[in-house]
Amino acid sequence: MSRILITSALPYINGIKHLGNLAGSMLPADVYARFKRAQGHEVLYICATDEHGTPAELAAAKAGQDVKTYCDEQHLIQKYAGEAFGLSYDWFGRSSSPENRALTQMFCDALDDNGLIEERTDKMVYSIDDGRFLPDRYVEGTCPHCKFEKARGDQCDNCGRLLDPTDLIDPYSAVSGSRNLEVRDTKHLYLLQTKVEPQLRAWIDSKSAWPQLAKSIANKHLEEGLIDRGITRDLKWGVPVAKNGEPREGFENKVFYVWFDAPIEYIGATQEYFNARNEPDGWQNWWRLDQGADDVSYIQFMGKDNVAFHTVSFPATVIGSGQPWKMVDTLKAFNWLNWYGGKFSTSMNRGVFMDQALEILPADYWRWYLIANSPEGSDSSFTWDHFQSTINKDLADVLGNFVNRIVKFTESKFGGTVPEGGEAGPLEEKLYADLAALLIEATEAFDAMEMRKAAQTVRRIWVLGNEYLQEAAPWTAFKTDADRAAVIVRHGLNLVRLYAVLAQPLIPFAAQSIADSVSVTLPLGWPSTDSKSELSKLPFGASVKSGEVLFKKIEDEQVAEWAARFGGNEG
């Protein structure tokens, strides 16, 4: 068994996250972490709130709070929302932590010592009406490359190119909408990414097994040519710019750019975790190659808009430090889950948000839909009708119906216990063969982080059980051959146990309810491909008991109500 470090992109702290955020990083990271734990690996799953930068400042001002108080509250809101969705973080940290502050300043010092930091006087956009320099993402305008009219000053969401605010055509303040802008001189630190391009290119080239989306984005930025990146900003909230632990001269009123310090928080959050466990050095054998991290497999999950920063800027920081840090082995990137063809949006309050989703349905309904329709090969679009259809067909009709039928039949005809007697026949032999093939396919899909394929293969296993039960017909066999009925029921109940095990990564709350019906306690290890053995796990005489309906069907009236509340009415 191996050690696996998993991180998902840090959620901004400018408000509760929407379903698109959940689908694009946090949820698939959790599914993979749960799967790997079930296989017996040592897993460390780390995430945190991304608390610096203008988004936090503006959100705090809108809420009428100072930014620290706002971040304190929002961190807990984000943490509890994740837990309510079953996200099994080992630690959910904060980029404003002392650990991240010290690490960020240390990385800058190391880069400076290696000749990779340069002070430059920039001409930056100043909003006269706002009375402030505008950070990159709060200058908007037309992209000079593709002419997209809502490009941000750090990146164009249409063509994906990294930008500087002064590149934009007809720029305006995203804070106030003012076009009363001027360019002023301000001094900033630059990371000389161009000096580490050969090492960076060699590192990216070595990642031949990366999923195609991440690899193509990384190569696109190399082909376009690296640029040196500013890593400080004219803001008050953030990691102070220091040199050897003291404020850097001329930078006393500046902070590090959020995209410089946020990825470092993966390490910082790991430190937070081990400090909370009174193991202050424990983080090092997960992150330092000279302290044992060379046997760690590191997997990152994120939406495609974050890939450039994780394949260029952060690796340039790590490589440029000259220190033996563990770098990512596999970067799993996702396309966007859209809302009726447009984007989910926190700032525009567009779509369904995590807290709202849980007000109307349990977490597993959302988990299943988002993974079964994971935006891997291309963007996907959420619609209420598709959501209703997926839940009703997959969870209610296929999984819930199977568990309910076999457990209630056992209660009715076999006294609510796993029966013995009889021998497996041709139908069971066919079941073993079909199940073994699907277990191999499901395991390979989970291992490859192919979330949609993994979910759909698990669904095929649920369908297989329904087909077996329908063909074997224990309710008919019971009338003339009780032993034959016992064989069928026994296999059906073992399928219930197996379904609980397979559901652990995907729908963990329902998984335990399914397990309860056959007196099994989770977590259990991932199933082997010896399907005959997997279908003989339950001891004879084990108690079987039906519970509440696992999944209630979504009615048309509910869909109409939700569409009226959140939008997206197709009628």
Side-chain angles (χ1 to χ4, degrees), residues 8-32 34 47 49-50 55 74 77-89 92 157 301-306 332-392 394-395 451-452 454-455 505-510 551 554 558-570:
S8 55
L10 311 186
Y12 283 133
I13 206 158
N14 60 335
I16 194 77
K17 298 299 104 178
H18 53 65
L19 296 182
N21 297 130
L22 192 63
S25 62
M26 296 179 286
L27 182 54
D30 177 70
V31 170
Y32 187 70
R34 287 176 177 274
C47 193
T49 37
D50 180 0
Q74 288 296 314
I77 289 172
Q78 303 279 12
K79 181 175 184 291
Y80 295 148
E83 290 171 353
F85 264 94
L87 302 182
S88 58
Y89 311 119
F92 189 67
D157 284 341
F301 289 82
M302 67 192 64
K304 61 183 177 182
D305 52 328
N306 289 330
K332 174 66 175 182
F334 290 84
N335 290 285
W336 285 312
L337 174 70
N338 289 324
W339 172 259
Y340 285 86
K343 287 186 179 180
F344 280 85
S345 172
T346 300
S347 60
M348 297 174 63
N349 197 32
R350 191 167 191 267
V352 181
F353 293 77
M354 290 172 67
D355 55 343
Q356 297 169 333
L358 294 176
E359 290 174 8
I360 60 179
L361 284 173
D364 282 338
Y365 289 63
W366 302 104
R367 287 179 64 107
W368 174 255
Y369 177 83
L370 295 174
I371 292 298
N373 297 280
S374 186
E376 291 172 304
S378 62
D379 292 349
S380 62
S381 186
F382 178 95
T383 70
W384 288 116
D385 283 352
H386 189 224
F387 177 64
Q388 177 190 26
S389 174
T390 299
I391 297 305
N392 289 354
D394 295 356
L395 297 186
M451 295 296 160
R452 183 188 290 238
L506 298 162
I507 45 174
F509 302 105
F551 303 102
I554 298 173
Q558 292 174 285
V559 170
E561 176 188 335
W562 300 335
R565 176 181 173 186
F566 299 104
N569 191 332
E570 294 165 300

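In this text, all values refer to a predicted model and were calculated from it rather than measured experimentally. Along the sequence shown, the residues carry numbers beginning at 1.
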[atom2] on [Y] to [atom1] on [X], rounded to 0.5 Å:
X	Y	atom1	atom2	answer
Thr390	Tyr365	OG1	OH	13.5 Å
Tyr12	Thr49	OH	OG1	13.0 Å
Ser380	Leu337	OG	CG	4.5 Å
Leu27	Ile371	CG	CD1	4.0 Å
Thr383	Gln388	OG1	CD	9.5 Å
Trp562	Ile554	CH2	CD1	4.5 Å

Might you point out which heavy atoms bring [X] and [Y] nearest each other, and give the distance in Å?
X	Y	value
Ile360	Phe566	CD1-CE1, 4.2 Å
Ala357	Phe85	CB-CZ, 4.0 Å
Gly342	Arg350	C-NH1, 3.2 Å
Gln78	Ile13	NE2-CA, 4.3 Å

Exercise. On the 0 to 90° scale, with breaks at 30° and 60°, tag the Phe382-Tyr369 ring pair as parallel, tilted or perpendicular.
Key: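 It falls in the perpendicular class, over 60°.
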Quiz item: Which is it for Val31 and Met451 under the side-chain contact (heavy atoms from CB on, under 4.5 Å) test, yes or no, and what are the steps along the way?
Solution: CA-CA 8 Å; Val31 170; Met451 295 296 160; 3.8 Å; yes
Do [X] and [Y] have side chains that get closer than 4.5 Å, going by heavy atoms?
X	Y	result
Phe334	Pro28	yes
Tyr89	Glu83	no
Asn373	His386	yes
Asn392	Phe551	no
Phe301	Cys47	no

Quiz item: For the rings on Phe344 and Trp336, is their centre-to-centre separation under 6.0 Å?
Solution: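 When the ring centroids of Phe344 and Trp336 are compared, they turn out to be at least 6.0 Å apart.
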Practice problem: Given side-chain contact (heavy atoms from CB on, under 4.5 Å), test Phe387 with Leu361 step by step and report yes or no. | Solution: CA-CA 12 Å; Phe387 177 64; Leu361 284 173; 3.5 Å; yes
Exercise. Assess whether side-chain contact (heavy atoms from CB on, under 4.5 Å) is satisfied between Leu22 and Leu87, documenting all intermediate values.
Key: CA-CA 10 Å; Leu22 192 63; Leu87 302 182; 4.1 Å; yes
Quiz item: For Asp385, does its backbone N or O pair with a side-chain atom of Ser389 as donor and acceptor, under 3.5 Å?
Solution: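 The answer is no, because no donor-acceptor pair under 3.5 Å joins these two groups.
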Quiz item: Donor-acceptor pair, Tyr340 side chain versus Trp384 backbone, under 3.5 Å?
Solution: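 The answer is yes, because a donor-acceptor pair under 3.5 Å joins these two groups.
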Exercise. Scan residues 374-383 for pairs that pass salt bridge (charged side-chain N to carboxylate O under 4.0 Å, His left out), counting only residues two or more places apart or in two chains.
Key: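 Listed once each, the pairs are Lys304-Asp379, Lys332-Glu376.
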Self-check item: Of all pairs that satisfy salt bridge (charged side-chain N to carboxylate O under 4.0 Å, His left out), the ones with a partner from residues 351-365, not counting sequence neighbours
Solution: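 Sorted result for residues 351-365: Glu359-Arg565.
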Exercise. Scan residues 17-30 for pairs that pass side-chain hydrogen bond (donor to acceptor under 3.5 Å, both in side chains), counting only residues two or more places apart or in two chains.
Key: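 Those involving residues 17-30 are Asn14-Lys17, His18-Asn21, Asp30-Arg34, Asp30-Ser88, Asp30-Arg367.
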